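Just so it is clear, the structure is predicted and the values come from calculations on it, not from any experiment.
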Protein chains: 2
Amino acid sequence: MYRIGELSALCNINKDTLRFYEKSGLLQASARSSAGYRLYSEQDKDILCFILRAKGVGFTLAETQELLSIEIDKESKACSDVKQLVDDKLTEIEAKIAELKCFQKSLKTLSNACCGGHESAVHCTILEALEQGSNDVRYEHSVRQGDQ
Amino acid sequence: MYRIGELSALCNINKDTLRFYEKSGLLQASARSSAGYRLYSEQDKDILCFILRAKGVGFTLAETQELLSIEIDKESKACSDVKQLVDDKLTEIEAKIAELKCFQKSLKTLSNACCGGHESAVHCTILEALEQGSNDVRYEHSVRQGDQ
DNA sequence: ATAAACCTTGGAGTTAGGTCTAAGGTCAAG
DNA sequence: CTTGACCTTAGACCTAACTCCAAGGTTTAT
């Protein structure tokens with residue numbers, strides 16, 4: 001059994017994060033010492049590694065918890081359940097990549113148009129683009145939201 | 001002069017956001033009515049559009065404020081100052097894209113390896129990868145952090 | 001004159017994923 | 001028997017960019 005400091009050192013993670021995962025329902029220590037210290041088993045360590053790997057491929061803690069609940073009750077779950085989570089995440093990540101690429105394109109256009117010299121910025125093409133809004137620099141992400 | 005509701009409708013933005021921008025030091029209404037209502041000039045509207053465009057290419061509000069302080073004092077600033085901000089942002093966004101692509105690659109590997117069938121998940125390759133950590137699914141983003 | 005639609009303020013709440021603090025209990029070494 | 005390293009808890013704080021709320025003042029139309 002590992003105490004919290006040992007497990008956190010072993011897995012390169014903050015002790016507080018481990019307590020936070022417990023509070024979030026992701027990982028309970030499987031025992032407590034007589035003094036109330038958390039005691040983690042090998043299996044607890046394996047679950048922590050699972051959590052960290054899920055995090056490492058981009059899953060949020062809530063999604064990781066879903067994965068974990070499948071992992072713990074494999075028999076009654078289907079492969080398609082697991083694959084669905086992965087594919088949904090993939091779709092989400094691809095959307096984020098597309099958004100960032102849109103930013104990247106606009107920023108490249110701005111950067112390439114600017115001389116970058118040490119003269120005054122009075123006629124800077126970047127500032128002009130932001131003042132007037134050219135075709136190259138749209139702002140597609142500002143969508144009207146609800147009001148009180 | 002526009003009242004807050006008029007400007008917010010004109011620019012497709014929440015009134016509270018406008019108040020929030022004021023509190024954040026990004027945009028002050030250039031006058032107040034006798035009753036204390038915010039009154040925005042054409043120039044204020046232009047500044048708001050500048051802010052929204054900067055936001056639209058991925059700048060945070062803090063970065064937008066930097067851009068704005070250059071915009072307002074162009075004469076004493078250089079093109080290189082502006083371009084530096086854009087290029088820094090570009091670097092940051094490219095790093096984020098790289099991170100997401102790494103997630104994407106791992107998730108694709110997981111998805112492709114899984115049958116996705118309706119049989120039990122007991123032998124699901126995705127769950128196995130997360131349990132054991134294959135070479136294909138590394139978790140590079142967990143870095144040991146400081147502790148109390 | 002009164003209702004609806006507008007505006008004001010200060011301050012709290014939201015999300016995600018931690019991180020930190022204070023006040024105190026436990027354990028091993030010297 | 002005390003020092004230092006370890007552990008406990010509840011709860012506050014952090015970032016970013018809003019969003020919402022309550023309580024109240026103003027303006028405009030009927």
Novice: A:Arg32 CZ to C:dG25 P: how many Å, rounded?
Specialist: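 After rounding, the gap between these two atoms is 17 Å.
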Novice: Run the side chain to side chain contact (heavy atoms under 4.5 Å, CB included) test on B:Lys77 and B:Glu71 for me, step by step, so that the C-alpha distance in whole Å, both residues' side-chain angles and the decisive distance to 0.1 Å come before the verdict.
Specialist: CA-CA 9 Å; B:Lys77 302 296 169 97; B:Glu71 166 75 12; over 6 Å; no
Novice: Taking side chain as C-beta onward, heavy atoms only, is B:Cys11 less than 4.5 Å from B:Lys45?
Specialist: yes
Novice: Is there a side-chain contact between B:Lys55 and the phosphate of D:dC18, meaning an N or O under 4.0 Å from OP1 or OP2?
Specialist: yes
Novice: Apply the side-chain contact (heavy atoms from CB on, under 4.5 Å) test between A:Ile51 and each candidate in A:Leu67, A:Leu26, A:Ile13, A:Asp46; give the one that qualifies.
Specialist: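 The side-chain contact (heavy atoms from CB on, under 4.5 Å) with A:Ile51 is passed solely by A:Leu26 among A:Leu67, A:Leu26, A:Ile13, A:Asp46.
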Novice: In whole Å, I'd like the distance from the NZ atom of A:Lys15 to the P atom of C:dG18.
Specialist: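 Rounded to the whole Å, the gap is 17 Å.
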Novice: Can you find a side-chain donor-acceptor pair between B:Asp88 and B:Thr91 that sits under 3.5 Å?
Specialist: no
Novice: With the side chain of A:Arg3 defined as its heavy atoms from C-beta on, choose the nearest nucleotide among D:dC7, D:dC18, D:dT27.
Specialist: D:dC7
Novice: Measuring from the side chain of B:Ala35 (C-beta onward, heavy atoms only), which nucleotide among D:dT27, C:dC27, D:dC18 has the closest atom?
Specialist: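 Taking heavy atoms from C-beta onward, the closest nucleotide is D:dT27.
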Novice: Just to confirm, is there a sub-4.0 Å distance from OP1 or OP2 of C:dT19 to any side-chain nitrogen or oxygen of A:Thr17?
Specialist: yes
Novice: Take B:Leu61 and A:Arg38, find for each the nucleotide of DNA chain D with the closest heavy atom, and name the residue whose nucleotide sits nearer the 5' end.
Specialist: A:Arg38
Novice: Roughly how many Å is it from CZ in B:Phe20 to C1' in C:dT8, rounded to a whole number?
Specialist: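 Interatomic distance, CZ of B:Phe20 to C1' of C:dT8: 19 Å.
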Novice: Round to the nearest Å and state the distance from B:Leu27 atom CG to D:dC18 atom P.
Specialist: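 Distance, rounded to whole Å: 13 Å.
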Novice: Does a side chain donor of either B:Gln28 or B:Tyr21 reach within less than 3.5 Å of an acceptor in the other side chain?
Specialist: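 The criterion, which ignores hydrogens and geometry beyond distance, is not satisfied for B:Tyr21 and B:Gln28.
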Novice: Can you check the A:Leu26 CG to C:dG17 P distance for me, whole Å?
Specialist: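 Going from CG in A:Leu26 over to P in C:dG17 covers 10 Å.
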Novice: Quickly work out the B:Leu52 CG to D:dC18 P distance and round it to whole Å.
Specialist: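 Rounded to the whole Å, the gap is 9 Å.
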Novice: Is the phosphate of D:dT8 approached by A:Arg19 (side-chain N or O, under 4.0 Å from OP1 or OP2)?
Specialist: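 Yes, A:Arg19 has a side-chain N/O under 4.0 Å of OP1/OP2 on D:dT8.
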Novice: In whole angstrom, give the distance that lies between atom CG of A:Asn14 and atom C1' of D:dC14.
Specialist: 14 Å
Novice: D:dA17 P sits how many Å from B:Gln65 CD, rounded?
Specialist: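 Atom CD in B:Gln65 sits about 11 Å away from atom P in D:dA17.
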Novice: Quick check on DNA chain D: between B:Thr60 and B:Tyr37, whose nearest nucleotide comes earlier from the 5' end?
Specialist: B:Thr60
Novice: Mind checking if B:Ser24 touches a base, just sugar-phosphate, or nothing, with heavy atoms under 4.0 Å?
Specialist: nothing
Novice: For B:Ser33, report the nucleic acid contact type (base, sugar-phosphate, nothing); a contact means any heavy atom under 4.0 Å.
Specialist: nothing
